[in-house]
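Beneath this line is the structure, given in structure tokens, with notes to follow.
The analysis underlying the following values was restricted to heavy atoms, covering all of them including side chains, and did not include hydrogens, waters or symmetry mates. Treat the numbers as computed from the prediction; the structure is a model and nothing was measured.
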Amino acid sequence: MAGLSLQVAKRLIERAEQKAEEINVPMVIAVADEGGNLVACHRMDGALLVSLDIAQNKAWTSVALKLPTADLAEVASPGGSLYGITATNQGRVVIFGGGIPLRKDGRVFGAVGVSGGSVEEDVLVAKAAAEHFEE
């Protein structure tokens, strides 16, 4: 598989939007390629404006660290091995759930970032997109 195309990003966003509609939460869904570059971003009607930046930064963080952003909360807290990481990269690092790497055959092709609901809702919607990518 070559890099993450716009066509693939649109399919992932569509799957994530379906899940967001199921739980009745308007969200912003962003997809970044393996270089952390934005491929596509979708703001559902009624989604919070602040979620535009958060969703894109969740995608960027997830691809940059090759980790789900939910995994960063504990290690980035005081005393954790990554404490202070939020002060790096011009503040782009997000340490709460909703960013998930897009993996296939052990390789990270990009990431999806979702914002607009609770952390649990954001993770649920991001997982819908990531699982669709793995199919």
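- Note on residues 37-49: pairs passing side-chain hydrogen bond (donor to acceptor under 3.5 Å, both in side chains), not counting sequence neighbours, are Glu17-His42, Asp33-Asn37.
- Among residue pairs with one or both ends in residues 86-101, those qualifying as side-chain hydrogen bond (donor to acceptor under 3.5 Å, both in side chains) are Asn57-Arg92; sequence neighbours excluded.
- Lys19 meets the side-chain hydrogen bond (donor to acceptor under 3.5 Å, both in side chains) test with Glu22; sequence neighbours excluded.
- In the hydrophobic clustering (ILVMFWY side chains linked at under 4.5 Å, chained through shared members), Leu52 is joined by Val28.
- Sorted by first and then second residue, the salt bridge (Lys or Arg N to Asp or Glu O under 4.0 Å) pairs with a member in residues 75-84 form an empty list; sequence neighbours excluded.
- With sequence neighbours left out, Leu65 forms a side-chain contact (heavy atoms from CB on, under 4.5 Å) with Thr61, Leu67, Leu72, Ile85.
- Taking each heavy atom of Gly110 and Leu4 in turn, the nearest pair found is CA-CD2, 4.4 Å.
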Can you give me every donor-acceptor pair (side chain of residues 128-135, partner residue at least two apart or in another chain, under 3.5 Å) with its distance?
| unit_1 | atom_1 | unit_2 | atom_2 | d |
| --- | --- | --- | --- | --- |
| His132 | ND1 | Arg15 | NH2 | 3.2 |
| His132 | ND1 | Glu135 | OE1 | 3.2 |

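- Ser115 and Ser51 make their closest contact through OG-OG, 3.1 Å (heavy atoms, listed as atom of the first residue, atom of the second, distance).
- Remark: Thr69 pairs with no residue by the side-chain hydrogen bond (donor to acceptor under 3.5 Å, both in side chains) rule, at least two apart or across chains.
- Residues satisfying the side-chain hydrogen bond (donor to acceptor under 3.5 Å, both in side chains) test with Arg11, not counting sequence neighbours, are none.
- Residues Val39 and Ala32 come closest through the heavy atom pair CG2-C, 4.0 Å.
- Residue pairs meeting the salt bridge (Lys or Arg N to Asp or Glu O under 4.0 Å) criterion with at least one member in residues 57-79, sequence neighbours excluded: Lys58-Asp122.
- Taking Ile, Leu, Val, Met, Phe, Trp and Tyr as members and joining any whose side-chain heavy atoms lie under 4.5 Å apart, directly or through other members, Leu38 forms no hydrophobic cluster with any other residue.
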Q. Passes side-chain contact (heavy atoms from CB on, under 4.5 Å), Val31 versus Leu102? Steps please.
A. CA-CA 9 Å; Val31 176; Leu102 300 170; 4.2 Å; yes
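- Counting only residues at least two apart or on different chains, no salt bridge (Lys or Arg N to Asp or Glu O under 4.0 Å) pair has a member in residues 111-120.
- Shortest non-hydrogen contact noted between Ala111 and Ser62 is CB-CB, 3.7 Å.
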Q: Using the side-chain contact (heavy atoms from CB on, under 4.5 Å) rule, take Val93 and Trp60 through it: C-alpha gap first, then chi angles, then the decisive distance, then the call.
A: CA-CA 8 Å; Val93 177; Trp60 182 86; 4.1 Å; yes
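- With contacts defined as side-chain heavy-atom distances shorter than 4.5 Å, the pair Val125/Glu121 does not qualify.
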